[in-house]
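What follows is a short report on a single structure.
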Protein chains: 2
Amino acid sequence: MYAQTSIQIELPSVFPRQAPTASPEGSVAHPVSFFSPGSEIYAQGEKAKAVYQVEFGAVRIYRLLADGRRQISAFHFAGETFGFEGDITHHFFAEAINSTGVRVFRVGSGTDLSHHLLPLALKGLTRAQEHLLVLGRQNAIERVAAFLLDMAERQGDLRQIDLPMSRIDIGDYLGLTIETVSRVFSRLKEKGVIRLHSLRRIEVLKRDALRAMGE
Amino acid sequence: MYAQTSIQIELPSVFPRQAPTASPEGSVAHPVSFFSPGSEIYAQGEKAKAVYQVEFGAVRIYRLLADGRRQISAFHFAGETFGFEGDITHHFFAEAINSTGVRVFRVGSGTDLSHHLLPLALKGLTRAQEHLLVLGRQNAIERVAAFLLDMAERQGDLRQIDLPMSRIDIGDYLGLTIETVSRVFSRLKEKGVIRLHSLRRIEVLKRDALRAMGE
DNA sequence: CGGATCCTTGATGACCGTCAACGTGTGTGG
DNA sequence: CCACACACGTTGACGGTCATCAAGGATCCG
């Protein structure tokens with residue numbers, strides 16, 4: 001699709017939707033790598049040798065079945081940290097969704113990050129387990145509602161949500177097909193719950209209705 | 001259902017199906033609590049103040065929706081550690097499935113367990129994310145196959161698997177109803193893939209067939 | 001402006017949930 | 001030791017939800 005580009009550049013944080021968490025090692029300078037849309041940050045089976053903090057853009061973490069079915073287990077946006085799924089070897093793929101800048105913190109070799117990583121791992125664990133409830137026990141409307149609420153919350157609970165990812169990504173995150181995602185969006189529009197300014201920019205008109213659906 | 005019983009007794013490990021992991025604090029003696037079937041170990045909303053190691057028996061971790069739908073996110077058996085879902089406050093319930101002994105390691109108050117907890121949290125994270133793939137992208141047969149393979153692996157890959165949990169628990173773990181679980185078991189019997197010695201004791205006759213299904 | 005990708009909408013059917021009835025296993029008390 | 005009762009599990013009939021297949025429309029890029 002896209003060739004992987006991993007240029008080492010120093011960039012300021014452009015879209016800090018969320019205050020970046022404190023740098024694991026404080027004042028030490030760490031390189032920012034730039035990834036073009038669709039390019040791979042790491043692959044399943046690779047040795048995990050760093051953790052990554054999103055400076056701008058968005059990242060998807062996913063796994064594949066042999067026949068190509070894909071499950072996105074998490075999205076990560078500006079300020080969020082990822083890269084510790086799997087102790088030694090990555091069990092997942094990480095890809096840039098858009099043009100994305102990622103700050104790299106090399107792990108191992110003396111420095112001890114476990115104090116910083118534990119809370120991040122626990123947060124990831126909680127998120128994953130909450131997502132299990134969505135995939136295991138909620139229907140299509142409830143899944144989309146939960147997704148929109150989560151996106152809204154992570155963007156500061158504004159009325160406007162922008163979705164950096166495609167419908168395919170949303171479907172593969174929610175365990176649905178893109179057609180079902182699209183139909184649910186249409187139904188939510190009909191009901192006056194949301195409004196689409198563009199394909200990837202959504203306004204939430206009735207937050208309570210969403211909450212009632214997403215539980 | 002059952003009254004909660006939490007008697008502080010010292011018990012030897014009875015069913016060490018798996019070698020217990022090293023005690024987080026080595027030589028210090030820690031109490032073993034006994035829980036009767038169905039009794040609560042901790043509840044959603046409680047402050048997390050300990051981690052727990054299963055001595056014998058089995059534990060289910062789950063979450064509920066308002067209308068009672070339940071999603072079991074994990075089972076834990078002898079030798080396994082749980083209790084760190086949620087940083088400060090538990091976001092989940094933990095219940096004993098059978099008569100279960102649990103060794104309690106209190107957290108906080110000086111002692112620093114983060115070095116011990118991080119690998120456990122990462123393992124839990126990986127398991128949860130793998131389970132996301134099952135719930136999001138696999139059909140009923142594939143889910144049950146994956147479940148049986150996981151159970152077999154955690155019991156040392158013997159031909160005989162014993163399931164400490166009910167069909168309801170299996171259904172709530174796999175995002176299926178008990179009827180569907182039952183039907184899949186029957187189909188696997190018809191195909192000669194498994195054999196039921198009793199309701200909760202299963203013999204795997206064709207491991208390869210299971211692998212082909214569970215991916 | 002043109003082409004490709006992404007998204008939407010419709011028709012159809014498969015899979016699995018629901019409801020219901022029956023079978024099986026387990027524990028208790030007579 | 002047997003009888004009974006209750007929880008658990010199985011099987012069948014049916015319907016709803018969502019996947020699949022297909023076509024057309026919107027959007028974005030050069």
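Chain identifiers are assigned alphabetically (A, B, ...) following the order of the sequence lines, protein sequences preceding nucleic acid strands; residue numbering begins at 1 within each chain. Computed over heavy atoms, backbone and side chain alike; hydrogens, waters and symmetry mates excluded. As the structure is a prediction and not an experimental result, all values here were calculated from the model.
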Quiz item: So does Arg183(A) reach the base of dG10(C) with its side chain, donor to acceptor, closer than 3.5 Å?
Solution: yes
Practice problem: Would you indicate which nucleotide in dT10(D), dC7(C), dT20(D) comes nearest to any side-chain atom of Thr177(A)? | Solution: dT20(D)
Quiz item: Where the side chain of Leu176(B) is defined as all heavy atoms beyond and including C-beta, which of dT9(C), dA19(D), dG17(C) is the nearest nucleotide?
Solution: dG17(C)
Quiz item: Can you tell me if CZ on Arg211(A) sees more than 12 non-hydrogen neighbours from other groups inside 6.0 Å?
Solution: no
Quiz prompt | More than 12 heavy atoms from other groups under 6.0 Å of CZ on Arg187(A) | solution = no
Quiz item: Does the side chain of Ser186(A) get closer than 4.0 angstrom to OP1 or OP2 of dT8(C) through an N or O atom?
Solution: no
Quiz item: So, is Thr180(B) close to the dC16(C) phosphate, meaning a side-chain N or O under 4.0 Å from OP1 or OP2?
Solution: no
Using whole Å, report how far [atom1] of [X] lies from [atom2] of [N].
X: Lys189(A); N: dC7(C); atom1: NZ; atom2: P; answer: 12 Å
X: Asp172(A); N: dA19(D); atom1: CG; atom2: P; answer: 11 Å
X: Arg167(B); N: dT10(D); atom1: CZ; atom2: C1'; answer: 10 Å
X: Ile194(A); N: dC7(C); atom1: CD1; atom2: C1'; answer: 14 Å
X: Ile178(B); N: dG23(C); atom1: CD1; atom2: C1'; answer: 14 Å
X: Leu174(B); N: dC15(C); atom1: CG; atom2: P; answer: 18 Å
X: Glu179(B); N: dC8(D); atom1: CD; atom2: P; answer: 14 Å
X: Arg200(B); N: dC8(D); atom1: CZ; atom2: P; answer: 8 Å

Self-check item: Matching residue for Leu148(A) among Ile202(A), Ile170(A), Val204(A), Val184(A) - test: side-chain contact (heavy atoms from CB on, under 4.5 Å)
Solution: Ile202(A)
Quiz item: How is Arg137(A) classified with respect to the nucleic acid when contacts are heavy atoms under 4.0 Å: base, sugar-phosphate, or nothing?
Solution: nothing
Quiz item: If you look at every strand shown and take non-hydrogen atoms under 4.0 Å, does Gly171(A) touch a base, only sugar-phosphate, or nothing?
Solution: nothing
Self-check item: Cation-aromatic face contact Arg63(B)/Phe92(B), 6.0 Å, 45 degrees
Solution: yes
Exercise. Please determine, by modelled atom types, if Gln71(B) and Tyr62(B) share a side-chain donor-acceptor pair under 3.5 angstrom.
Key: no
